[in-house]
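Heavy atoms only: backbone and side chains are in, while hydrogens, waters and symmetry mates are out.
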Amino acid sequence: MPAIPLPVRPPTNAARTQELIEALDAEFLDLISWDWELGVLLYPLDHPVIGMPECRVKGCDKGYESWGPLCSGCRIRLNKSGLSVEDFLSTHERYNVVHVRQELCRLPGCGRPWRSPTAALCQNHHYQRKHRLKISLDEFLVHPLPQPLPGHGACGVAACLRQRVTPSTPYCDAHRQKLSKAKLTGTFDGDEELWRLTAPPVHMGREVSMRGLPRRLVAELLYCVQQRTASGVRTFGHWLRMICDRLRVLRCETLDDLGDPKAAGLKDHNVSLVTTMRRRARSDNELRNSLYDLRHNSMTLPPFLPQHRS
């Protein structure tokens with residue numbers, strides 16, 4: 001799915017940024033499926049420290065980090081149901097559709113996002129199948145009449161990877177609704193350009209979007225997660241998402257720009273996490289050691305990563 005370019009900002013201490021980037025291990029970046037153009041950290045399904053297996057409820061694509069085999073939302077439903085895990089899994093399916101992953105229309109070659117997982121087609125093709133041709137999805141996909149349609153482009157929110165659903169708005173459907181709601185409730189300050197740069201993404205279970213953050217800040221965050229993982233310390237995805245969202249809103253260039261985490265609106269575990277991450281990002285000795293090990297092919301990798309360096 002094509003991505004819009006991230007907002008360009010003046011470089012902040014370019015030398016330090018480059019040092020942090022050079023200290024990132026290629027195997028760790030592969031582990032989290034990192035792509036500098038996309039800007040999304042993806043937690044692996046199976047990993048002893050930062051693995052995030054998918055929820056076992058049918059149709060749910062969220063991950064769980066501690067209390068498996070259900071995500072937090074499905075676990076709340078389980079507790080309310082009074083059923084055993086086995087009975088719940090056999091009788092319940094995904095419920096909350098707010099955070100469903102956006103996919104492209106299933107008609108081959110169509111560049112528009114599907115209307116819903118159930119429809120599996122974009123709005124135009126869903127209408128054509130249901131109201132004009134009146135045939136099943138399988139019949140529609142091989143019918144000679146439907147033709148692929150060009151996409152409308154990516155959502156204009158910097159942190160978002162989703163596609164627009166109509167040419168009449170610069171946003172994906174989720175952010176179009178969020179902006180409309182903000183205007184109706186009086187919480188929108190009128191600066192739509194700033195809103196585009198600071199609005200959070202549509203959070204997905206295993207993803208942490210760092211889009212919309214400056215390169216220096218992204219390098220700091222990745223480096224800190226890498227070092228914590230190498231030390232066997234888990235960085236929970238929901239904590240990291242809240243920190244990224246707050247950094248984006250406050251337009252921080254570095255972790256130090258956040259100032260007092262509590263005053264910045266963070267609470268509990270996020271306060272201590274930012275404090276330790278900031279200390280790691282400042283540590284010249286730790287950074288120099290990482291760079292030396294990487295440059296001399298002698299970095300001691302933790303046992304949960306492939307040990308194939310000579």
Could you measure the distance from the CG atom of Leu70 to the CG atom of Leu78? Nearest 0.5 Å is fine.
5.5 Å
Give, for atom CZ of Arg129 and atom SG of Cys122, the distance between the pair rounded to the nearest 0.5 Å.
12.0 Å
Would you indicate whether the side-chain heavy atoms of Val233 and Thr276 approach each other to under 4.5 Å?
no
Closest heavy-atom contact between Cys172 and Cys155?
N-SG, 3.3 Å
Between Arg241 and Ser209 (side chain of the first, backbone of the second, donor and acceptor by atom type, cut-off under 3.5 Å), is there such a pair?
no
Derivation of the side chain to side chain contact (heavy atoms under 4.5 Å, CB included) call for Lys80 and Ile76
CA-CA 6 Å; Lys80 290 181 178 179; Ile76 291 174; 3.9 Å; yes
Go through it in stages, so that I can follow the logic: the residues are Asp173 and Gln177, the test is side chain to side chain donor-acceptor pair (under 3.5 Å), and I'd like the CA-CA distance, side-chain angles, deciding distance and then a yes or no.
CA-CA 6 Å; Asp173 199 47; Gln177 292 182 41; 2.8 Å; yes
Kindly say whether Asp189 contributes a backbone atom to a donor-acceptor pair with the side chain of Glu192 at under 3.5 angstrom?
no
Do other residues, nucleotides or ligands put more than 12 heavy atoms under 6.0 Å from the CZ atom of Arg106?
no
Give the cluster check for Leu179 versus Val249: same hydrophobic cluster or not, with ILVMFWY residues linked at side-chain heavy-atom distances below 4.5 Å.
no
Heavy-atom nearest pair, Arg280 first then Ser231, reads NH2-OG, 3.7 Å
Can you list the residues that meet the salt bridge (Lys or Arg N to Asp or Glu O under 4.0 Å) rule with Arg112, with sequence neighbours excluded?
none
Which atom pair, heavy atoms only, marks the closest approach of Tyr43 to Leu240?
OH-CD2, 4.0 Å
For the student: nearest non-hydrogen atoms of Arg248 and Pro201, plus distance:
NH1-CD, 3.7 Å
Here the gap from Leu273 atom CG to Thr235 atom OG1, rounded to the nearest 0.5 Å, amounts to 6.0 Å
Above 12 or not: heavy atoms from other molecules or residues under 6.0 Å from NE2 of His269?
no
Return yes when atom CG of Asp260 has more than 12 non-hydrogen atoms of other residues, nucleotides or ligands closer than 6.0 Å, and no otherwise.
yes
Single-linkage hydrophobic cluster, 4.5 Å side-chain cutoff, Leu24 and Met210 together:
yes
Within the side chain of His125, is there an N or O that forms a donor-acceptor pair under 3.5 Å with the backbone of Gln147?
yes
Report the distance from atom CZ of Arg216 to atom CG of Leu20, rounding to the nearest 0.5 Å.
6.0 Å
Derivation of the side chain to side chain donor-acceptor pair (under 3.5 Å) call for Ser168 and Thr166:
CA-CA 5 Å; Ser168 63; Thr166 171; 3.0 Å; yes
What's the spacing between Leu141 CG and Leu121 CG if we round to 0.5 Å?
6.0 Å
Validation row: Arg115, Tyr127 side chains within 4.5 angstrom (heavy atoms)
no
Could you give me the CA-CA distance, side-chain angles and deciding distance for Leu250 and Asp257, then say whether side chain to side chain contact (heavy atoms under 4.5 Å, CB included) is met?
CA-CA 9 Å; Leu250 296 176; Asp257 291 344; over 6 Å; no
Does the side chain to side chain donor-acceptor pair (under 3.5 Å) test come out yes or no for Arg176 and Thr169, once each step is laid out?
CA-CA 7 Å; Arg176 178 189 63 80; Thr169 175; 5.6 Å; no
From Thr229 atom OG1 to Leu222 atom CG, the distance as rounded to the nearest 0.5 Å
10.5 Å
Side-chain heavy atoms of Arg162 within contact of His175, under 4.5 Å
no
Is Leu89 close to Val57 at the side-chain level, that is, under 4.5 Å between some pair of heavy atoms?
yes
Got a donor-acceptor contact below 3.5 angstrom from the Asp87 side chain to the Leu83 backbone?
no
Decide whether Phe140 and Leu149 are clustered together by the hydrophobic rule: side chain heavy atoms of Ile, Leu, Val, Met, Phe, Trp, Tyr closer than 4.5 Å, transitively.
no
Can you check whether Leu247 reaches Leu221 side chain to side chain, under 4.5 Å on heavy atoms?
yes
What's the verdict on side chain to side chain contact (heavy atoms under 4.5 Å, CB included) for Gln128 and Leu145, showing C-alpha distance, side-chain angles and the deciding distance?
CA-CA 10 Å; Gln128 184 181 28; Leu145 186 59; 4.0 Å; yes
Report yes or no: do Leu137 and Leu104 belong to one cluster of Ile/Leu/Val/Met/Phe/Trp/Tyr joined by side chain heavy-atom distances under 4.5 Å?
no
Side-chain donor/acceptor of Glu253 to backbone N/O of Pro214, under 3.5 Å:
no
Measuring only between side-chain heavy atoms, which start at C-beta, is Trp195 closer than 4.5 Å to Val157?
yes
Donor-acceptor pair, Glu220 side chain versus Leu255 backbone, under 3.5 Å?
yes
On a heavy-atom basis, which atom in Cys71 and which in Gly63 lie closest, and how many Å separate them?
CB-O, 3.6 Å
Going by distance alone, is a donor N or O of one side chain under 3.5 Å from an acceptor N or O of the other, for Thr187 and Thr185?
yes
Using only atom types and a distance under 3.5 Å, with no angle test, would you say the side chain of Asp245 pairs donor to acceptor with the backbone of Met242?
no
Heavy-atom side-chain proximity of Lys178 to Lys181 below 4.5 angstrom
no
Distance-minimising heavy-atom pair for His47 and Ile50:
ND1-N, 3.2 Å
Just by distance, do the side chain of Gln226 and the backbone of Ala23 share a donor-acceptor pair under 3.5 Å?
yes
Count I, L, V, M, F, W, Y as connected when their side-chain heavy atoms are under 4.5 Å apart, and connections chain through other members. Are Trp36 and Leu41 then in the same cluster?
yes
In the structure I gave you, are the side-chain heavy atoms of Leu258 and Arg278 within less than 4.5 Å of one another anywhere?
yes
side-chain contact (heavy atoms from CB on, under 4.5 Å) filter on Asp30, not counting sequence neighbours, yields none
Side-chain donor/acceptor of Arg246 to backbone N/O of Ala264, under 3.5 Å:
yes
